Trainee: 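Sharing a structure, written as structure tokens. Questions coming.
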Amino acid sequence: MTHESVPDLAESKDFIRERIDKDMESGAYGGRVHTRFPPEPNGYLHIGHAKSICLNFGVAREYGGKCNLRFDDTNPAKEETEYVDSIKRDVRWLGFEWDGTELYASDYFGKLYDYAETLIKKGKAYVDDQTADEIRDSRGTLTEPGRESPYRNRSVDENLDLFRRMRAGEFPDGSRVLRAKADMASPNFVMRDPVLYRIRRAHHHRTGNAWCIYPMYDFAHCLSDSIEGITHSLCTLEFENNREIYNWLLEAVDVPRPRPQQTEFARLNITHMVLSKRKLIQLVQGGHVRGWDDPRMPTLSGLRRKGYPPEALRELCARVGMSRAAGTVAEYSLLEFCVREVLNKTAPRLMAVLDPIKVVIENYPEGQTEWFDMPCFPEEGGGAPVNWSGPVTRKVPFSRELYIERDDFKEDAPKKFFRLSPGREVRLRYAYFITCTGVVKNEAGEIAEIRCTYDPATKGGDAPDGRKVKGTLHWVSSGEAVPVETRLYEHLFAAGEVEAPEGGNFTDTLNPDSLRVVTARVEPALAEAKAGDVVQFERLGYFRADEDSTPGKPVFNRTVTLKDAWAKIEQKTGG
RNA sequence: UGGGGUGUCGCCAAGCUGGUAAGGCAAUGGACUCUGACUCCAUCAUCCGAGGGUUCGAAUCCUUCCGCCCCAGCCA
């Protein structure tokens with residue numbers, strides 16, 4: 001029995017692994033598997049990228065192969081080093097390491113240029129002097145073929161000369177492009193003489209101003225794959241149409257065999273989440289969130305900050321599986337399930353009250369405080385995880401005045417309500433049984449405090465006479481409780497399907513309550529939490545200490561709530 | 001409209017050489033419980049986008065139709 005961080009859920013392999021199996025059997029790649037994760041460094045990675053990362057690195061790991069991290073940096077106008085750094089950090093956080101150093105398409109600008117000359121010499125590419133508009137207008141429509149450029153039949157010598165002068169910087173931006181001489185009548189638009197190189201005087205994050213012509217994706221990607229010896233080039237469905245030019249170019253410049261093969265899979269979508277870069281930018285720039293790593297963002301940095309462990313994201317990807325069905329959407333509840341599953345095994349349990357109401361124990365001596373030793377990991381749960389290095393118990397003060405959760409008390413309680421209410425007895429976790437004797441109200445008629453008595457014989461939480469209670473409540477001692485900022489998150493979008501309303505913007509559907517900040521009362525041990533610590537607030541949920549925490553003053557993010565059966569009962573019975 | 005894809009339970013997804021619908025999430029009922037959590041047990045597609053056809057037998061083969069996604073950036 002091995003202890004993989006992600007269980008092997010698949011009873012059958014997905015279509016990509018099946019294909020690789022076949023290639024292994026046939027020896028098509030000499031038993032090699034070499035993949036690559038190829039982000040463009042123009043933004044932050046989000047949960048959608050996690051699927052591609054898990055696939056590419058996962059496949060390499062499973063087949064004893066390699067996976068490169070290659071930055072597809074062929075458009076200098078959009079790319080920045082800042083993104084390179086965040087992408088590397090996020091991939092590592094997810095638990096993967098690329099083969100060797102990270103690679104860049106820009107590493108191959110020289111080789112790619114040579115391939116372009118090769119293409120020209122073979123009569124398979126030409127320099128087009130048409131404007132962008134002219135090129136677009138002559139590309140044809142869905143039903144009509146495109147028209148050939150008047151420059152399409154220039155001589156090889158002229159093309160070579162022009163292309164060299166493009167590179168030398170003799171022509172202004174946008175004045176000429178290098179195009180593949182493919183098929184203007186192809187029903188596949190991608191084949192209608194795609195642009196291979198454009199003139200663009202922009203500072204490149206790595207090559208600076210060394211180049212003024214840059215290759216397009218279609219030209220750079222297949223050849224970069226070939227240069228790196230990639231065997232399986234895995235990408236998302238929207239590149240299906242590009243597969244034809246991918247293969248055409250490899251054949252046209254006659255790269256050595258075996259050649260990489262492109263295989264597409266459906267991207268990951270999750271309800272309540274927007275994953276389009278355009279929309280994410282709007283959320284940040286519109287000030288709807290506090291930044292790219294706002295815990296409400298679907299970015300890996302946001303999810304990390306919220307407290308989602310990398311194991312959970314890997315498990316999500318494994319559970320969602322691979323298919324070619326576009327537009328499928330995983331439910332957010334599956335993600336939350338994965339998060340809880342990981343955290344349930346790893347998070348220490350402590351007590352905090354989010355919405356406090358005061359309880360006075362009438363028969364408990366005034367001024368007395370007793371300290372209980374309480375386990376951080378309940379026995380039934382198997383105790384602390386094997387790699388746990390923190391404390392396994394902590395001291396918790398008990399006194400005459402406590403706070404409990406406002407929801408845990410009802411003056412007029414329905415039968416199914418197992419919590420505190422006048423005349424009923426409940427257990428304060430690991431402490432005593434208490435019985436409610438009544439309430440004290442303020443002038444407004446609101447409950448100011450709850451009066452109770454406790455049974456000293458139940459110390460530790462068990463009655464020697466075998467008497468049982470239906471409910472166990474979490475609590476904190478009011479005198480020693482520490483007030484801490486706690487951020488409660490809900491979906492950024494309440495609707496599962498994020499859509500712009502008629503004549504509006506998708507931001508119109510933002511959930512106004514996606515962030516609620518409360519002052520929680522936490523037991524003393526919790527006040528010691530440091531940024532990155534993840535704990536369970538008993539009966540409430542999992543919380544992670546945010547980077548905004550300072551010594552003795554933690555700030556907590558709610559990662560995910562616990563499942564709440566009572567909430568369902570209450571909903572059904574109408575409160 | 002041309003081309004390329006895709007349609008199996010509320011959601012994701014097995015099923016591919018035809019033999020009589022895996023699994024997970026969600027949901028529901030129950031057991032257990034010092035977290036109404038966890039765990040455990042049980043229920044949950046006579047039906048596979050629709051209609052024809054082939055066959056003793058089809059989600060799987062043929063055929064017609066319908067829905068949805070992608071493509072007309074000098075973005076990736």
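Each chain gets a letter, A, B and so on, in the order its sequence line appears, and its residues count up from 1. Model, not experiment: these values are computed from the prediction. Keep in mind that the numbers below use all heavy atoms, side chains included, and drop hydrogens, waters and symmetry copies.
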Trainee: Partner lookup for B:U6, please. Criteria are Watson-Crick or G-U wobble with both distances under 3.5 angstrom; report none if nothing qualifies.
Mentor: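 Base-paired to B:G67.
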Trainee: Hey, does the side chain of A:R539 come within less than 4.0 Å of B:G36's phosphate (OP1/OP2), counting only N and O?
Mentor: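 For B:G36, OP1/OP2 do have a side-chain N/O of A:R539 under 4.0 Å.
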Trainee: Quick one: do A:F219 and A:Y197 satisfy ring-ring contact (aromatic ring centres under 6.0 Å, His included)? Show the steps, please.
Mentor: CA-CA 8 Å; A:F219 187 73; A:Y197 267 90; 5.5 Å; yes
Trainee: Which residues pass the ring-ring contact (aromatic ring centres under 6.0 Å, His included) test with A:H272, sequence neighbours left out?
Mentor: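 Per chain and number, A:H272 pairs via ring-ring contact (aromatic ring centres under 6.0 Å, His included) with A:H491.
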Trainee: My understanding is that only residues two or more places apart in sequence, or in another chain, count here; which of them pass side-chain contact (heavy atoms from CB on, under 4.5 Å) with A:V190?
Mentor: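 Only A:N188, A:D218, A:N241, A:N242, A:I245 meet the side-chain contact (heavy atoms from CB on, under 4.5 Å) criterion with A:V190.
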Trainee: Using the P atom in both, what is the distance from B:U20 to B:U33, to the nearest Å?
Mentor: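 Taking atom P in both B:U20 and B:U33, they lie 43 Å apart.
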Trainee: Any base atoms under 4.0 Å from A:K345, or only sugar-phosphate, or nothing? Heavy atoms, all strands.
Mentor: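 Nothing, no nucleic acid heavy atom in range.
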Trainee: Which residues satisfy the side-chain contact (heavy atoms from CB on, under 4.5 Å) test with A:F493, sequence neighbours excluded?
Mentor: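 With neighbours one apart ignored, the set is A:V274, A:L283, A:V498, A:F506, A:T509, A:L510.
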Trainee: In the strands shown, is B:G18 matched to any nucleotide by a Watson-Crick or G-U wobble pair with both distances under 3.5 Å, and which?
Mentor: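 Pairing partner, where one exists within any strand: none, as none qualifies.
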Trainee: Is the A:Y108 to A:Y113 ring centre distance short of 6.0 Å?
Mentor: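 No, ring centres 6.0 Å or more apart.
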Trainee: At under 4.0 Å between heavy atoms, what does A:G321 touch on the DNA or RNA strands: base, sugar-phosphate, or nothing?
Mentor: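 Touches nothing.
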Trainee: Under a 3.5 Å cut-off for both distances, is B:A59 Watson-Crick or wobble paired, and to whom?
Mentor: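 Answer to the pairing question: none, since B:A59 forms no Watson-Crick or G-U pair.
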Trainee: For B:G53 and B:G67, measure between their C1' atoms and round to the nearest Å.
Mentor: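 Result for the C1' pair: 23 Å, nearest Å.
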Trainee: Who does B:C48 pair with, Watson-Crick or G-U, both distances under 3.5 Å?
Mentor: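 Matched B:C48 with nothing under the 3.5 Å cut-off.
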Trainee: For A:H204, which residues count as a side-chain contact (heavy atoms from CB on, under 4.5 Å) partner, sequence neighbours excluded?
Mentor: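 So A:H204 forms a side-chain contact (heavy atoms from CB on, under 4.5 Å) with A:D73, A:P76, A:E79, A:S106, A:F109, A:R206, A:T207, A:Y214.
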Trainee: Roughly how many Å apart are B:G19 and B:G5, using the C1' atom of each and rounding to a whole number?
Mentor: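 Per the computed distance, 30 Å lies between those C1' atoms.
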Trainee: Centroid distance below 5.5 Å plus an interplanar angle below 30 degrees: do A:F189 and B:G3 meet both conditions?
Mentor: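 The base of B:G3 is not stacked with A:F189 (the test needs centres under 5.5 Å and planes under 30°).
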Trainee: A:K459: which residues meet the side-chain contact (heavy atoms from CB on, under 4.5 Å) condition with it, sequence neighbours left out?
Mentor: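 So A:K459 forms a side-chain contact (heavy atoms from CB on, under 4.5 Å) with A:E370, A:F372, A:Y432.
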Trainee: Summarise how protein sits on nucleotides 37-44 of chain B as a single string, 5' to 3': B when a protein heavy atom is under 4.0 Å from the base, S for sugar-phosphate-only contact, - for no contact.
Mentor: SS------
Trainee: Apply the syn/anti split at 90° from 0 to B:G73 and say which one it is.
Mentor: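 This nucleotide is in syn.
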Trainee: What interatomic distance, in whole Å, is found between P of B:C16 and the corresponding atom of B:G52?
Mentor: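 Nearest-Å result for B:G52 against B:C16 at atom P: 25 Å.
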Trainee: P atom, B:C69 versus B:U64: distance in rounded Å?
Mentor: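 Looking at atom P only, B:C69 and B:U64 are 24 Å apart.
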Trainee: For nucleotides 5-8 of chain B, give me every protein contact, N/O to N/O, under 3.5 Å, one pair per line with atom names.
Mentor:
{"unit_1": "B:G5", "atom_1": "O4'", "unit_2": "A:E240", "atom_2": "OE2", "d": "3.4"}
{"unit_1": "B:G5", "atom_1": "O2'", "unit_2": "A:E240", "atom_2": "OE2", "d": "3.0"}
{"unit_1": "B:U6", "atom_1": "OP1", "unit_2": "A:R324", "atom_2": "NE", "d": "3.4"}

Trainee: Looking at A:T74, I'd like to know whether one of its side-chain N or O atoms comes within less than 4.0 Å of OP1 or OP2 on B:A76.
Mentor: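 So the side-chain polar atoms of A:T74 do come within 4.0 Å of the phosphate oxygens OP1 or OP2 of B:A76, strictly under.
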Trainee: Give none if B:A72 has no partner; otherwise give the nucleotide forming a Watson-Crick or G-U wobble pair with it, both distances under 3.5 Å.
Mentor: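 With both distances under 3.5 Å required, B:A72 matches none.
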Trainee: Apply side chain to side chain donor-acceptor pair (under 3.5 Å) to A:T263 and list each qualifying residue two or more places apart in sequence or on a separate chain.
Mentor: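 If we apply the side chain to side chain donor-acceptor pair (under 3.5 Å) test to A:T263, skipping adjacent residues, the hits are A:R19.
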Trainee: Which residues pass the ring-ring contact (aromatic ring centres under 6.0 Å, His included) test with A:Y44, sequence neighbours left out?
Mentor: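 Expected list: A:Y83, A:W292.
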Trainee: When rounded to the nearest Å, what value does the distance between C1' atoms of B:C48 and B:C61 take?
Mentor: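 Here B:C48 and B:C61 have their C1' atoms 16 Å from each other.
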Trainee: Is A:F239 touching bases, backbone alone, or none of the nucleic acid, heavy atoms closer than 4.0 Å?
Mentor: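 Contact class for A:F239: base.
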